[in-house]
Trainee: 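Would you mind keeping the following structure in view while I ask a few things?
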Amino acid sequence: MPFAERIAAAEKRRLRKSVAAGFVAGPDFTVSCETAYEFIQESRLQKGYAISISLLQMQLLLHVFPDHFQIFTVKDTGRIIALSLAVRVNERVLYNFLSADLGSYRHFSPAVMLLESIYRFCQEKQISMLDLGISIDGTGIHKPSLSRFKQNVGGEACVKITYSQKF
């Protein structure tokens, strides 16, 4: 099923607005790990959130598992305005690990176009599940607006089971 058929009417309008503006979205093999990290970090800082991984950790992951990570971008005349780092968990699951967008483009909501490109990638690669991740803020508290956005772009809420062991 096409992405546009799965999303809410408001998100369809935002997607059309980004398309009309001429933004280009998709997997991006030209973006360096450092550029991706700086973009995500700056976006998180603007929103008052910390980034959950260091540059060194991200470099190590991309170096050790290059076939499991994919960077997706939305660009406005070559300028990155939204970016996501996705992880191929296994044959059937792609996890949207880290996403960010420029606050100055918020009125376009380029995150919708970004997710549409990731969704299309999953279809092309026959990946049956796109994991949009948990909906929490920087302090680990549930963020209803993020949950609502994920539902508006076709996501379905599910239980997250966490296992931990204390030493």
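On a predicted model such as this, the values are computed, not experimentally measured, just so you know. Numbers here are sequence positions counted from 1.
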Trainee: Would you please test Val153 and Phe149 for side-chain contact (heavy atoms from CB on, under 4.5 Å) and show each step?
Mentor: CA-CA 6 Å; Val153 293; Phe149 172 75; 3.9 Å; yes
Trainee: If you count heavy atoms of other groups shown closer than 6.0 angstrom to NE2 of His107, is the number above 12?
Mentor: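 Buried by this count: over 12 neighbours within 6.0 Å.
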Trainee: May I ask whether Ile71 and Leu55 are part of the same hydrophobic cluster, defined by side-chain heavy atoms of I, L, V, M, F, W, Y residues being less than 4.5 angstrom apart, directly or through others?
Mentor: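 Same hydrophobic cluster.
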Trainee: Between Ser52 and Leu98, is any pair of side-chain heavy atoms under 4.5 Å apart?
Mentor: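 Side chain of Ser52 against side chain of Leu98, heavy atoms only: contact under 4.5 Å found.
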Trainee: What distance separates Ile40 CD1 from Leu85 CG, expressed to the nearest 0.5 Å?
Mentor: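 Going from the CD1 atom of Ile40 to the CG atom of Leu85 covers 6.0 Å.
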Trainee: Phe108 and Asp101: side-chain contact (heavy atoms from CB on, under 4.5 Å), yes or no, with the steps?
Mentor: CA-CA 10 Å; Phe108 284 101; Asp101 58 0; over 6 Å; no
Trainee: Provide the closest heavy-atom pair for Tyr105 versus Asp76 in the form atom of the first, atom of the second, distance.
Mentor: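 The answer is OH-OD2, 2.6 Å.
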Trainee: Return the CZ to CE distance between Arg16 and Met113, rounded to the nearest 0.5 Å.
Mentor: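 Here the interatomic distance stands at 12.5 Å.
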Trainee: Ile134, Leu132: one ILVMFWY side-chain cluster at the under-4.5 Å cut-off?
Mentor: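 Ile134 does not cluster with Leu132.
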Trainee: If you define the side chain from C-beta out and look only at heavy atoms, does anything of Tyr119 sit under 4.5 Å from Arg6?
Mentor: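 In short, these two side chains touch, coming nearer than 4.5 Å.
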Trainee: Check the pair Ile81, Lys75 against side-chain contact (heavy atoms from CB on, under 4.5 Å), reporting the backbone distance first and the verdict last.
Mentor: CA-CA 5 Å; Ile81 61 172; Lys75 292 182 177 178; 5.9 Å; no
Trainee: Tell me, with the steps shown, if Arg92 and Asp131 meet salt bridge (charged side-chain N to carboxylate O under 4.0 Å, His left out).
Mentor: CA-CA 10 Å; Arg92 57 179 284 277; Asp131 184 341; over 6 Å; no
Trainee: Using the side-chain contact (heavy atoms from CB on, under 4.5 Å) definition, which of the options Leu83, Val74, Ile80 pairs with Pro110?
Mentor: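 The single option meeting the side-chain contact (heavy atoms from CB on, under 4.5 Å) with Pro110 is Val74.
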Trainee: Decide whether Val31 and Phe29 are clustered together by the hydrophobic rule: side chain heavy atoms of Ile, Leu, Val, Met, Phe, Trp, Tyr closer than 4.5 Å, transitively.
Mentor: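 The answer is no; the residues belong to distinct hydrophobic clusters.
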Trainee: Does a side-chain N-to-carboxylate-O contact under 4.0 Å join Arg88 and Asp67?
Mentor: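 Salt bridge absent between Arg88 and Asp67.
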Trainee: What's the separation between atom CD in Gln123 and atom CG in Leu130, rounded to the nearest 0.5 Å?
Mentor: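 Atom-to-atom, Gln123:CD and Leu130:CG are 10.5 Å apart.
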Trainee: Nearest 0.5 Å please: distance from the CD atom of Glu156 over to the CE atom of Met129.
Mentor: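 Going from the CD atom of Glu156 to the CE atom of Met129 covers 9.0 Å.
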Trainee: Which distance, rounded to the nearest 0.5 Å, do you find between the OG of Ser32 and the CZ of Phe39?
Mentor: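 So the gap between those two atoms works out to 13.0 Å.
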Trainee: Side chains of Leu102 and Arg79: closer than 4.5 Å at any heavy-atom pair?
Mentor: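 A side-chain contact exists here, since the closest heavy-atom pair is under 4.5 Å.
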Trainee: Is it the case that one hydrophobic cluster holds both Phe72 and Val24, taking links as side-chain heavy atoms less than 4.5 Å apart, direct or via other members?
Mentor: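 Each belongs to a different hydrophobic cluster.
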Trainee: Establish whether Leu115 and Met1 are linked, either directly or via other cluster members, by ILVMFWY side-chain heavy-atom contacts under 4.5 Å.
Mentor: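 The answer is yes; both residues are in one hydrophobic cluster.
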Trainee: How close do Gln70 and Pro27 get, heavy atom to heavy atom, and via which atoms?
Mentor: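 So the minimum-distance heavy-atom pair works out to NE2-CB, 3.6 Å.
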Trainee: Looking at Lys125, I want to see if its NZ is surrounded by more than 12 non-hydrogen atoms of other residues, nucleotides or ligands under 6.0 Å.
Mentor: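 It does not: Lys125 NZ has 12 such atoms or fewer within range.
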Trainee: Looking only at side-chain N and O atoms, does Glu34 offer a donor or acceptor that is under 3.5 Å from a partner on Gln59?
Mentor: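 Result is yes, a qualifying pair exists.
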Trainee: Nearest 0.5 Å please: distance from the OG atom of Ser109 over to the NZ atom of Lys17.
Mentor: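 Here the rounded value is 9.5 Å.
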Trainee: Evaluate the side-chain contact (heavy atoms from CB on, under 4.5 Å) criterion for residues Val89 and Leu94: first the C-alpha distance (whole Å), next the side-chain angles of each, then the deciding distance (0.1 Å), finally the verdict.
Mentor: CA-CA 6 Å; Val89 177; Leu94 184 72; over 6 Å; no
